[in-house]
Peer 1: 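Here it is: the structure, laid out below.
Every chain is numbered from 1, with letters handed out A, B, ... down the list of sequences. Hydrogens, waters and symmetry mates play no part in the numbers below; they use all other heavy atoms, side chains included.
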Amino acid sequence: MSAPSLWLMKSEPDVFGIDDLARKKTEGWNGVRNYEARNFMKSMKVGDKVLFYHSNAKPSGVAGIAEVSRTAYPDPTQFDPKSDYFEPRATPAAPVWFQVDLRFVSKLPRLVPLDELRGTPALADMALFKRSRLSVIPVTALEWKIITGLAKS
DNA sequence: GCCAACGTTGGC
DNA sequence: GCCAACGTTGGC
C-alpha cells in the first residue's frame, strides 16, 4: 500500500470547525461544488491525512488534523431539492458531486494562522496561496512537516 | 469556442 | 461589509 497522501481542507468554523469534528468524531464532507476539489476528493484513500483549515475565521489558519475514513461516494445533498447544495443535473445513477468522510485525529497545540504560513519562506510555494479559493488542496510532505512543527512551537 | 456577466470564496 | 480573485454560465 502506498503512503497516505496529504491534504488541506477548509471549513468555516462558524459552520463546522475542528471542535465540531472532535465532538462528532467523523463527518461527511458534503457541499463541495467545485470540480477540481471534487476530483481531489475522488483520489483520496482511507488513511490520507488532512490539515483542517479554518477559513473566514479570526484568525484563519490550520486548526487540526483529520484523516480520510471513507473514500468518495455521492454527496446526498445534491439530490435534495430543499438543500442549498441541490444539483438538478444529478441523479442517483449519475451523481455529479462526491464527498469523503473525515475522522478526527487531533487538534493542533495551537492554531497556525494564515499570516504565519505566509511569513514562512519554505511555504511560499504552497498551493494554498496560489489557489486561494480552492477548498481542497494537496499538501507536500515538507509542507506538512513545517506546519505541524510550527504548531508545536 | 469566446468572452462578458455573474456568483462565490475568503481575506481583511 | 467590502471587494479582489477566479470559477461558471450562457449568449452569440
Peer 1: Quick check on the 6.0 Å ring-centre criterion: do A:Trp97 and A:Tyr35 meet it?
Peer 2: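 Here the rings of A:Tyr35 and A:Trp97 have centres that are less than 6.0 Å from each other.
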Peer 1: With no hydrogens and no angle check, just 3.5 Å: does a side-chain donor-acceptor pair link A:Asn30 and A:Gln99?
Peer 2: no
Peer 1: Please tabulate, one pair per line, each protein N/O and nucleotide N/O from nucleotides 5-9 of chain C that are separated by under 3.5 Å, including the distance.
Peer 2:
residue, atom, partner, partner atom, Å
C:dA5, N3, A:Arg133, NH1, 3.3
C:dC6, O4', A:Arg133, NH1, 3.2
C:dC6, O2, A:Arg133, NH1, 2.2
C:dG7, OP1, A:Arg131, NH2, 3.2

Peer 1: Using only heavy-atom distances, determine whether the side chains of A:Lys45 and A:Thr71 contain a donor-acceptor pair under 3.5 Å.
Peer 2: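 Side-chain D/A pair, A:Lys45 to A:Thr71: absent.
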Peer 1: Would you say A:Asp80 and A:Tyr85 are linked by a side-chain donor-acceptor pair, where the criterion is simply a distance under 3.5 Å?
Peer 2: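 Judged by distance alone, the side chains do not pair up.
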Peer 1: May I have the list of side-chain donor-acceptor pairs in residues 125-138 of chain A shorter than 3.5 Å, sequence neighbours left out?
Peer 2:
residue, atom, partner, partner atom, Å
A:Arg131, NH1, A:Glu36, OE1, 3.1
A:Arg131, NH1, A:Glu36, OE2, 2.9
A:Arg131, NH2, A:Glu36, OE1, 2.7

Peer 1: For DNA chain B, find the residues of residues 49-65 of chain A with a heavy-atom distance under 4.0 Å and give them by number; none if there aren't any.
Peer 2: A:Tyr53, A:Ser55, A:Asn56, A:Ser60
Peer 1: Check the angle between the aromatic planes of A:Phe52 and A:Phe16 and answer parallel, tilted or perpendicular using the 30° and 60° thresholds.
Peer 2: tilted
Peer 1: Side chains of residues 145-153 of chain A: which donor-acceptor partners sit under 3.5 Å, not counting sequence neighbours?
Peer 2:
residue, atom, partner, partner atom, Å
A:Thr148, OG1, A:Trp144, O, 2.8
A:Thr148, OG1, A:Lys145, O, 3.3
A:Ser153, OG, A:Leu150, O, 2.7

Peer 1: So, A:Glu67 side chain and A:Val50 main chain: donor-acceptor pair closer than 3.5 Å or not?
Peer 2: no
Peer 1: In degrees, rounded to 10°, what is the bend between the two ends of the helix from B:dG1-C:dC12 to B:dC12-C:dG1, using five pairs at each?
Peer 2: 10°
Peer 1: Hey, is A:Asp20 close enough to A:Arg23 for a salt bridge, meaning N to O under 4.0 Å?
Peer 2: yes
Peer 1: Using ring pair (Phe, Tyr, Trp, His ring centres under 6.0 Å) as the criterion, list what pairs up with A:Phe40, not counting sequence neighbours.
Peer 2: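 A:Phe40: ring pair (Phe, Tyr, Trp, His ring centres under 6.0 Å) contacts with A:Trp7.
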